[in-house]
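Contents: one structure, followed by commentary.
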Amino acid sequence: MKKHHYKMTIQWTGNQGTGTSGYRDYERSHRISAENKVMIEGSSDPAFRGDKTKYNPEEMLLSSLSSCHMLWYLHFCSEAGIIVTEYTDEATGIMEETANGSGHFTEATLHPKVTVAEESMVEKAEQLHHKANEFCFIANSVNFPVKHIPTTLVK
């Protein structure tokens, strides 16, 4: 079995001059980077005093689930002779806060909208979402259900 190692740098950029001297005295802004890649501006969710113009960890988790599923799905389609010409997903997720202020995701739902080249490809194309979910590294790493509501079009 192979092991894959990943390295990310997270740098807090929200010090307003007094550090974390008080809950309202600092921004939640940070930068997410990896070698030779574009930097991502992050923050917390606006519900937690974050900047709504920056990505928050919850959105990043959801986008990781969505992109992992898509990449496996496209792989399995190419192997099966399914010609995908377009793919978009408007993923949604539910996170519940607990009484002590922590929280956890209770579910995520992917809504992949896939366009295939021929009508004869639709049934198999829809079936391959299940296989992609079984293989997705991120879906296999979370402790909540990842649901799929696919739409398949022909063009």
Side-chain angles (χ1 to χ4, degrees), residues 1-11 13 28-155:
M1 300 214 328
K2 294 181 183 178
K3 288 188 179 183
H4 301 271
H5 300 267
Y6 301 92
K7 181 180 177 184
M8 299 294 299
T9 301
I10 307 296
Q11 178 186 14
T13 59
R28 278 60 178 170
S29 297
H30 55 278
R31 292 187 178 127
I32 304 164
S33 60
E35 188 174 343
N36 299 318
K37 296 184 181 177
V38 175
M39 182 192 55
I40 298 170
E41 294 285 342
S43 188
S44 61
D45 183 291
F48 308 107
R49 301 194 47 77
D51 183 338
K52 68 180 180 181
T53 67
K54 298 177 181 175
Y55 290 101
N56 62 58
E58 295 80 12
E59 291 168 328
M60 298 295 284
L61 175 63
L62 199 54
S63 67
S64 293
L65 284 165
S66 178
S67 61
C68 184
H69 179 86
M70 178 192 70
L71 293 168
W72 275 109
Y73 179 79
L74 295 173
H75 170 78
F76 291 133
C77 283
S78 72
E79 286 185 335
I82 306 298
I83 301 169
V84 175
T85 59
E86 294 179 35
Y87 185 111
T88 57
D89 182 15
E90 296 194 18
T92 59
I94 299 172
M95 186 192 75
E96 292 182 0
E97 288 185 61
T98 58
N100 70 359
S102 71
H104 59 273
F105 271 78
T106 57
E107 71 177 60
T109 305
L110 306 183
H111 301 267
K113 184 177 177 182
V114 179
T115 303
V116 296
E118 299 174 14
E119 183 69 37
S120 62
M121 299 175 174
V122 171
E123 185 177 344
K124 182 66 175 176
E126 290 188 351
Q127 292 172 358
L128 287 175
H129 285 289
H130 299 288
K131 187 173 181 180
N133 186 59
E134 290 173 15
F135 278 76
C136 174
F137 304 139
I138 309 303
N140 286 324
S141 300
V142 299
N143 64 354
F144 54 86
V146 180
K147 302 174 184 178
H148 307 87
I149 304 174
T151 302
T152 307
L153 307 170
V154 179
K155 185 175 184 181

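- Rounded to the nearest 0.5 angstrom, S67 OG and D89 CG are separated by 9.5 Å.
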Which donor-acceptor pairs under 3.5 Å do the side chains of residues 93-101 make with protein atoms, sequence neighbours left out?
residue: T98; atom: OG1; partner: N100; partner atom: OD1; Å: 2.7
residue: T98; atom: OG1; partner: S102; partner atom: N; Å: 3.4
residue: T98; atom: OG1; partner: S102; partner atom: O; Å: 3.1
residue: T98; atom: OG1; partner: S102; partner atom: OG; Å: 2.7
residue: N100; atom: OD1; partner: S102; partner atom: N; Å: 2.9
residue: N100; atom: OD1; partner: S102; partner atom: OG; Å: 2.8

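- If you take CZ on R31 and NZ on K54, they are separated by 8.0 Å, rounding to the nearest 0.5 Å.
- H129 NE2 to I149 CD1: the interatomic distance, rounded to the nearest 0.5 Å, is 11.5 Å.
- The heavy-atom pair separating P57 from S44 by the smallest distance is CD-CA, 4.4 Å.
- S63 contributes a side-chain N or O that, together with a main-chain N or O of M60, makes up a donor-acceptor pair within less than 3.5 Å.
- Looking at every heavy atom in both residues, P46 comes nearest to K52 through CG-CB, 3.5 Å.
- Heavy atoms from other residues, nucleotides or ligands lying under 6.0 Å from NE2 of H130 number 12 at most.
- When all heavy atoms of T13 and H30 are compared, the closest pair comes out as OG1-N, 3.5 Å.
- Remark: F76 engages W72, F135 in a ring-ring contact (aromatic ring centres under 6.0 Å, His included) (not counting sequence neighbours).
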Could you please spell out the steps behind the side chain to side chain contact (heavy atoms under 4.5 Å, CB included) verdict for E41 and D51? CA-CA 10 Å; E41 294 285 342; D51 183 338; over 6 Å; no

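- Applying the side-chain contact (heavy atoms from CB on, under 4.5 Å) test to A125 and every residue at least two apart in sequence or in another chain returns Y73, I82, V116, T152.
- Listed by chain and number, the residues in a side-chain contact (heavy atoms from CB on, under 4.5 Å) with A34 are M8, K37 (sequence neighbours excluded).
- Under the rule for a side-chain contact (heavy atoms from CB on, under 4.5 Å), the partners of K155 that lie at least two apart in sequence or sit in another chain are E86, T115.
- Among all heavy-atom pairs drawn from L62 and T92, the shortest one is CD1-O, 3.4 Å.
- Qualifying ring-ring contact (aromatic ring centres under 6.0 Å, His included) partners for Y55, counting only residues two or more places apart in sequence or in other chains: none.
- In terms of the side chain to side chain donor-acceptor pair (under 3.5 Å) criterion, E134 has no residue partners (sequence neighbours excluded).
- Sorted by first and then second residue, the salt bridge (Lys or Arg N to Asp or Glu O under 4.0 Å) pairs involving residues 108-126 (not counting sequence neighbours) form an empty list.
- With sequence neighbours excluded, no residue forms a side-chain contact (heavy atoms from CB on, under 4.5 Å) with E35.
- Contact record, A117 with M121: N-SD, 4.0 Å, taken as the closest heavy-atom pair.
- Here F48 pairs with nothing under the ring-ring contact (aromatic ring centres under 6.0 Å, His included) rule; sequence neighbours left out.
- In this structure, the side chains of H148 and N133 come closer than 4.5 Å at one or more pairs of heavy atoms.
- Applying the ring pair (Phe, Tyr, Trp, His ring centres under 6.0 Å) test to every pair with at least one member in residues 95-114, sequence neighbours left out, gives these pairs: F105-F144.
- Legend: salt bridge (Lys or Arg N to Asp or Glu O under 4.0 Å) pairs involving residues 135-151, not counting sequence neighbours, sorted by first then second residue: E107-K147.
- Between V146 and A139, the closest heavy-atom pair is CG2-CB, 4.2 Å.
- A 6.0 Å sphere centred on CZ of F137 holds no more than 12 heavy atoms belonging to other residues, nucleotides or ligands.
- Between Q11 and S33, the closest side-chain pair of non-hydrogen atoms is not below 4.5 Å.
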